[in-house]
Every structure is written in C-alpha cells, then in structure tokens.
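Report on one structure; see the data block that follows.
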Amino acid sequence: MNESKDFLRTIVEEDIKAHKYNEVVTRFPPEPNGFPHIGHAKSIAINFGIARDYNGHCNLRMDDTNPTTEDTRYVEALKDAVEWLGFKWEGNVRYTSDYFPELYEYAKQLIKMGKAYVDSLTEEEIREYRGTVTEPGRRSVYAERSVEENLDLLERMKNGEFKDGEHVLRAKIDMSAANMKMRDPLLYRIRHAHHYRTGDAWNIYPMYDFGHCLSDYIEGVSHSICTLEFENNRDIYDWVLDTLGLTSPRPYQHEFARLGINYTVMSKRKLLELVNENYVSGWDDPRMPTIAGLRRRGYTPESILNFCHQIGIAKANSMVDVAQLEFCIRDDLNTKVPRVMCVLDPLKVTIENYEGSEELDASYYPEDVPKEGSRKLPFSREIYIERDDFSENPPAGFYRLTPEQPVRLKHAYIITCKEVIKDAQGNITEIIATYYPESKSGSDTSGIKVKSAIQWVDAHSAKTAEVRLYDRLYTCEAPEGIEDLNPDSLHVIKNALVEPALITEKPDVRFQFERQGYFYADPIDYTDEAPVFNKIVGLKDSWNKKAKEGDAPAKNERKAAEKKVQIIGEVSPMSEAEQARYEQYTGELKLGNEVANTLSRDEKLSAFFETALSVHNSPVTLANIVSNEVARELKEKDAGELKFSPAQIAELVKMIDEEIISNKIAKQVFEEMVTSGENPAVIVEAQGLVQISDPSLILPIIDDVMAKNPDNVEKYRAGNTKLFGFFVGQVLKATGGKANPQVVNDLVTQKLQ
RNA sequence: UGGGGUAUAGGCAAAUGGUAUGCCAACAGUUUUUGGUACUGUAGAUUGAAGGUUCGAGUCCUUCUACCCCAUCCA
C-alpha cells in the first residue's frame, strides 16, 4: 500500500543511522482515568508499530500521578485494548507510581542544585504571578529559600504535615520565559488522597512534566512520542533531563497530531458525559468510539490497525472521514465472513403453486471469496421477504419484485407476483406468488432473466432474533456536545427473522446478512434462545443513495467560495536606517526590490552582505545568495557562529560570475561550506565540480536519457511539455549536477523537437 | 496581543530542487444469483496568498493570512 515513511519513522531511522541508541524503545503511557478510544489505538499502533519495525520494544506504562482520577478498572481496560489489538508490551506493565521513590530523589537533587524550591503561594497567587502571554511573570519570594529549608519542607510535605495546597515544589527556570510552561513549572503538589496503587503512602504526587520525562529515562525509552498539545512541554522535558545531567542515551520527545473523526467525539470529558448521563449504555456501547465499543460493535483488530495505517501520521490537525473507518471493516470482513439470510422487516409471500417442502444447498461464501462451507436452507410454500424488496409502483430503475417484474429468491427459485393483499388501511400484508419449478438455483433451465436476487427466510423454520441497528451518534460533522446527538442512533428490531443455520450451526460470530450489511452476535446479550445481533456496518448501497438523491449538494460549492477570500495584511514600516539601506541597495547597487527589502530589513544580513561586497564587487549575485542561502543559516545563529565567512561567500560568487560553477553547483558547495567551513575553491577542486558546458560532452548523455525513456519522449512530443523538466533533471543527475543547465536546456529543446 | 505549531483535490496522507502520487469519498462502465466484491476508467489541485532566488520551486528566501496549542496544584 503506502510504502512511504512517516516523519516519526524517518526520525527513528536517522537516529539508528547515527547510532544514537542501542535499541529503539518506545512506550504507550496513558493515564488510567478513562476507557481508551480509537485515538489511543492510533497511539498504540504508532508506538508498538515502530518498536516492532525497528526490532526494539515498547513498554506499557500507566501514567498514574493523579490519585483523584485514576482507577484499576481503567488499567484493565487499557491492558485489554493493547492485547486485543495484538500487541505485547515488554515485561510487566509499568507504573509511574512505582517510580515515586526514585522521582523523589531526583527532586531532592534539583533542590540541592538550587534548581527547585518549595513555594508557599496560594493557587490564586501562583496564577497571578505567572503573568500573561504578553507580560512576564514575577518570581515568588519563597524562591529565595535555602537548600536546607527546601529539603526540610519537601520532606514534611511528603510526610503529610501540610494541608493540600499549602506548598508546592517548583522548578526554578525563568518567570519571564516566552513559553508559559517554563515559568517555574510545578513539580510536586500535596494531595491527601488515596492512590489506587500506593494507597496512603504518599502525600505528594509528581506533576506530569516532572514524572513523565524521568519515567521515560528510567525505562530507557529512546523515542518519547506524544500528541501535539505537548509541544510546549518539550522544553521542560529537556530542561529536567539536562539539568539533572541525565545525558547520553536519553529520550527525546516527538509530537504527532491526535486523531479526529467526523460525527464523533474523542475527548474524555465528553465520552464520560455520555456514559454518566446514560446517553449510551456504557463505555462499551457499540456506538462509542472506545475500543470496547468498537469491539462490541463487531470491529476486528485488523480493521482498526489497517485504519491507523491508512490515515498516516503527521503534524497537521485533521479530521478523518468516518467513511474511511467503515471501509476498513467492510474490507476486512468481506473476505472472512459467511453470508446468511435475514429479513428485518418481513413481508409474507405465499407461493401458491408450491407444495410440500425441501432443503436447498447454499454456500456460505460467494464465488469470489475463497472459502469453503455451506448449509441447508429449508424452503416451503410460505416465506418472508424484505418489505423493501417489493414495490407496487416501482420507481425507475427498481430491480426487485413488482407486479410485473419477477425476482430470484437467493439460492432458490424465481417467483413472480400474482396478487397483492392489503388490509383496511391499504397496507400490504401479503403477496401471492407463483414459482417456476425449472428455475432452481444451480440448475436453472427456465431461461427467465431477472434483475436481482433477494434474501428470504422460510416461514416455518425461521428463527426470531433481535437486531440492533446503529447509526452515527451525532448528527453533525464536528459535534460540540449532547445537543448534537442523533436521536435515532439506535434502532432495535425485536422480531427480525433469520435462517435457522445461523443459530444451529453457528458458522461464525460475524456474518454478512446478505444485501444488508455485516453483523455481530452480541458477545454479552446473545443466547441461542434469544439471539441478538449488532449491525457493524452496512454494505455499500448505491441504490439507496440514488433513491434519496438531492439532499445537500451545495456544501462543496460554498466551501470553495469561502476559500477564495484572502485578506492581505499590512507590512510594518521600515525604520530610518532600514529605509536608507533600501535606497542605497535599489539605487546605487541596482538590487531587485524584494532582495533589497529582505536585506535592508535585517541587521545581520545587511552587515554580512556589505562585508562580502567589499571583497568581491558583484552586488546582485551576492545579494541573491545572501538573502536566500545565507539567510537560512543566519536565522537562528549570529554571524560569529557560522563556519563560513563573508569573504568565502564572496569567493563563491566570484566563481559563479566567472562561470566556473553553475548556480546549482554553488548551492551544493554552499551546503558543504555550512558544515565544513572549507573554502569554496577547495571544495570545487576536491569534488571536481567544475561546470560542463561543452555540448559534445552533454549530447551523448541526452541521447542516453532519451533512449532509456522512450515513452516519456513520446508523451512530450504528444504535447506533455511538463516533461521538459524531467529530461533536464535526468541529464543533470547523470552529470552529478555539473552540466551547465542553460546549455542542457538548449540541447534538450533541440533534441526533443 | 508573546511564544510554539500547522496549511498539498471533498477527507486523510506521499513526494533526494526535476513527470504532483496513494487510499477514502464521488461519478461512469464491465463482471456478478448480494444494487456487495473485483476489475477498468472519469472527474477533481494555479500545493493557504503574494512576491523573490533558480534553466526549473510543493520543496529554498521574504512578507502576509487562516487555523490549532500554551496563563490547571490535569495529563
């Protein structure tokens, strides 16, 4: 399928190549405070998947640092989910709470280093002192406490001598940091609460920012993968490990975008609300996006894993179409599951010319599914068909039974409608039909053509079953809350009729109910006496879609119109000095407006440019290189930190001016200068990068490229001029970039004529 | 408003500066005793915008715009 690597695997591969770690170690670190949902499945697939792909291992760790929200039942649900998805964690399940003693020692160490202090401000004061995004915060007076006092206080906090909220332990970082998270983050808080594992042993609990990075380090994690909202926390992650001197193989944090799916909610708060206020039957309600829900609905682990693979991993916040998930389960079940017949809304059919009864052979699988197995289908004079499959006044394109149109009973005979019986209200109650004895499935000699074959059940042997039909939980794509709930998300059919083999033979727990969809014998409520089936997903239904056409086609157009509007913002005015430079650059030096603008607005760039200019007077080329290539290097560094000098850039430009090298090669040489600081002439000499402009050297290469790509030559000559770049690219590639691109262009143009 | 991110078809994702690709969705056709599946094909993108550098830009530079995250003693 998609062979390309995601950005995380790219990072991991680079680290492996650089021998940064002995082994790739990842971890899946949920907080056991709720049931895992399909977003967790994505995280599980990433963490365990990467570990598997690179022969490493993945830990399962409960990030249980908040005693007030966590519980053992969630631990079990989390373990279940991982196992059900088919993954094995390394060793035992880990718990951050197991590291509490170690974490405490690290905290003391930070205090001793003068990097942490016990703060006694109130919660409100702490918030106030933190400042805002635009104003710096100020440090608490308690930050001045001595090491001894801090150590003593922390010990007493641990021993339970203080009330909740009286003190906290904070890192001493920077109260005016632009990153709000770095304004002396809290490390420990007092909680007189019972922890589900450590009981009352601790009165202080570490915060996420302190516990997480250290737990990763303790476990020897190499790649700590989390979601995007922790980007701002990465600075603390690094600060804690660096400050404690926990270097060399140590974990680094990488973030990816969490999963969003339309028509559903993923936030723990909202899911909890659904459960607590009984909008659903529980965490495992088949409409829930929880693993437990999906599982009870009938989703397979394979389908969910495949879904996770299909959606990919990136850093863009996005909303995946639920149709993609539905495709995955259909795709999986299509090749696995037996077909059986079920009638949800029965309409009685009496076949007046049929006497007695018989048992028909019927394969469980269609021709295109390479599986074996069949059952006996009882058949008699009275059967039931789906009410939808008969129409007295059929719409155009209706393939099923009508007063004029015969239809095949799947695996059985062709019937035709003789009479429609109605009750006093005009509702159809029964169809009187006749059958064609010679039309028996498999030995049809009737020569009658029908447009479709419908499912049916024999009236006397059919079993009654409860069928639960699920629709999406919410009515809108991006639901906010309970006000967006779909009131018809659950439809229970108490008296559906199923063929007997389904119950007596039980060929599987998942089935395709022919022409309807995939169904799952409910693992909890199902019994042979009172069978219950959950609808997993419907079949793709192009007839139904056509039938109720004309709903809301205007949406895409509206969206397209919205997209066009682009407001152009104001550009800040230049200072006087910048203005003066700009005048000089555009006037005296004849630079282009854009380049002059870029250069004159940047102090570092203009200084670099002017120094280089004094060495080699070639303003335009120099300005181009400086404003494009050098600018990249100067973004996060000062001129002094660069390995190359303005004089070397001047030298590089001189070689371009003298046509020793092309612009393309110049960029390559520049890259080398960035890393090695070597003189351009030396690099060109050492790597033999001198430009090739002699057509007699280039022509054979062009011939070669054309000979190797005859189809593209043809396409180009047929009018696909975009391919021009392809040929130039191939030729340049063949010469290691050394061919003079202008010459190549001219020659390729001639050759392709 | 400061900082950190992100932007490629209706959705999700690829693309060493060199043919914008895959899956879902949509549409059409072929096959079919499932209006399923499979197969084939069609349509859909001035790669958020505007400039610049380059023979050549989704990719490099500049500016702008929109959206997301950060001021919990949650994680």
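Numbers restart at 1 for each chain; the letters A, B, ... are given by sequence-line order, proteins then strands.
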Just call it for [X]: base, sugar-phosphate, or nothing, with non-hydrogen atoms closer than 4.0 Å on any strand.
X: A:Pro366; result: base
X: A:Gly211; result: nothing
X: A:Lys635; result: sugar-phosphate
X: A:Gly397; result: base
X: A:Ser441; result: base
X: A:Tyr129; result: nothing
X: A:Lys733; result: base
X: A:Phe726; result: base

Mind checking salt bridge (charged side-chain N to carboxylate O under 4.0 Å, His left out) for [X] and listing every partner two or more places apart, or none if nothing turns up?
X: A:Lys664; value: none
X: A:Lys336; value: A:Glu302, A:Asp332
X: A:Lys371; value: none
X: A:Arg9; value: A:Asp6, A:Asp53

Whole-angstrom distance between [N] and [M], as gauged at atom [atom1]:
N: B:U19; M: B:U59; atom1: C1'; result: 16 Å
N: B:A43; M: B:G4; atom1: P; result: 44 Å
N: B:G41; M: B:C23; atom1: P; result: 12 Å
N: B:G22; M: B:C64; atom1: C1'; result: 33 Å
N: B:A26; M: B:G10; atom1: P; result: 15 Å
N: B:A57; M: B:U62; atom1: C1'; result: 15 Å
N: B:G51; M: B:U46; atom1: P; result: 16 Å
N: B:A20; M: B:U47; atom1: C1'; result: 8 Å

[X] [atom1] - [N] [atom2] separation (whole Å):
X: A:Asn334; N: B:C39; atom1: CG; atom2: C1'; answer: 14 Å
X: A:Lys5; N: B:A13; atom1: NZ; atom2: P; answer: 19 Å
X: A:Phe513; N: B:U37; atom1: CZ; atom2: P; answer: 19 Å
X: A:Phe256; N: B:A13; atom1: CZ; atom2: C1'; answer: 15 Å

According to a strict under-4.0 Å criterion, is A:Lys722 in side-chain N/O contact with OP1 or OP2 of B:G18?
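No, no such contact exists.
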Can you find a side chain N or O atom of A:Ser4 that sits less than 4.0 Å from OP1 or OP2 on B:U21?
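False: A:Ser4 side-chain N/O out of range (4.0 Å or more) of B:U21 OP1/OP2.
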Measure distances between side-chain N and O atoms of [X] and base N and O atoms of [N], and say whether any donor-acceptor pair falls under 3.5 Å.
X: A:Arg400; N: B:G35; result: yes
X: A:Arg515; N: B:U34; result: no
X: A:Asn262; N: B:G10; result: no

Walk me through it: do A:Arg234 and A:Gln253 pass the test side chain to side chain donor-acceptor pair (under 3.5 Å)?
CA-CA 6 Å; A:Arg234 190 176 58 231; A:Gln253 176 182 308; over 6 Å; no
Taking only residues two or more places apart in sequence or in another chain, which ones pass ring-ring contact (aromatic ring centres under 6.0 Å, His included) with A:Tyr205?
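Per chain and number, A:Tyr205 pairs via ring-ring contact (aromatic ring centres under 6.0 Å, His included) with A:Phe100, A:His195.
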Going by the rule ring-ring contact (aromatic ring centres under 6.0 Å, His included), which residues pair with A:Phe513 if we only count those two or more places apart in sequence or in a different chain?
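A:Phe513: ring-ring contact (aromatic ring centres under 6.0 Å, His included) contacts with A:Phe519, A:Phe533.
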Got a sec, which residues hit side chain to side chain donor-acceptor pair (under 3.5 Å) with A:Ser439, two or more places apart in sequence or on another chain?
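Partners of A:Ser439 under the side chain to side chain donor-acceptor pair (under 3.5 Å) test: none.
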By side chain to side chain donor-acceptor pair (under 3.5 Å), which residues pair with A:Ser43, not counting sequence neighbours?
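A:Ser43: side chain to side chain donor-acceptor pair (under 3.5 Å) contacts with A:Asn47.
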Looking just at side-chain N and O atoms, do A:Asp361 and A:Ser374 make a donor-acceptor pair shorter than 3.5 Å?
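Result is no, nothing qualifies.
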Is it the case that the side chains of A:Asn306 and A:Gln310 hold a donor-acceptor pair, with the cut-off being a distance below 3.5 Å and no angle test?
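Side chains of A:Gln310 and A:Asn306: pair found under 3.5 Å.
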Along nucleotides 65-75 of chain B, 5' to 3', which nucleotides get a B, which get an S, and which get a -, given that the test is a protein heavy-atom distance under 4.0 Å?
B--SBSBSBSB
Do nucleotides 51-58 of chain B as a string where each nucleotide becomes B, S or -: B if the base has a protein heavy atom under 4.0 Å, S if just the sugar-phosphate does, - if no protein is that close.
SBSSBBB-
Toward the 5' end of RNA chain B, which comes first, A:Asn709 or A:Asp331, by nearest nucleotide?
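Whichever sits nearer the 5' end wins; that is A:Asn709.
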Map A:Leu723 and A:Lys440 onto RNA chain B by nearest heavy atom, then report which one ends up closer to the 5' terminus.
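Nearer the 5' end of the strand: A:Leu723.
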Identify the nucleotide, in any strand shown, that forms a Watson-Crick or G-U wobble pair with B:A25, with both distances under 3.5 Å; if there is none, say none.
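Answer to the pairing question: none, since B:A25 forms no Watson-Crick or G-U pair.
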Base partner of B:A66, which must satisfy Watson-Crick or wobble distances under 3.5 Å
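Matched B:A66 with B:U6 under the 3.5 Å cut-off.
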Nucleotide of [options] approaching [X] most closely (side-chain heavy atoms):
X: A:Arg632; options: B:C60, B:A14, B:U33; answer: B:C60
X: A:Phe327; options: B:C24, B:G2, B:U19; answer: B:C24
X: A:Lys540; options: B:A7, B:A26, B:C12; answer: B:A26

All N/O contacts under 3.5 Å from nucleotides 28-30 of chain B to the protein, with atom names and distances to one decimal?
none

Would you say A:Arg258's side chain and A:Thr227's backbone share a donor-acceptor pair under 3.5 angstrom?
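Absent.
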Side chain to side chain contact (heavy atoms under 4.5 Å, CB included) against A:Asn597, all qualifying residues, sequence neighbours excluded
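Per chain and number, A:Asn597 pairs via side chain to side chain contact (heavy atoms under 4.5 Å, CB included) with A:Met574, A:Tyr582, A:Arg601.
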With the six-membered base ring of B:G35 as reference, does the ring of A:Tyr399 sit under 5.5 Å away with planes under 30° apart?
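Whether judged by distance or by angle, A:Tyr399 passes, so it stacks on the base of B:G35.
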Verdict with supporting geometry, A:Asp235 and A:Lys181, salt bridge (Lys or Arg N to Asp or Glu O under 4.0 Å):
CA-CA 8 Å; A:Asp235 282 347; A:Lys181 293 273 183 196; over 6 Å; no
Suppose we call two aromatic rings close when their centres sit under 6.0 Å apart. Are A:Phe230 and A:Tyr237 close by that rule?
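Between A:Phe230 and A:Tyr237, the centre distance exceeds or equals 6.0 Å.
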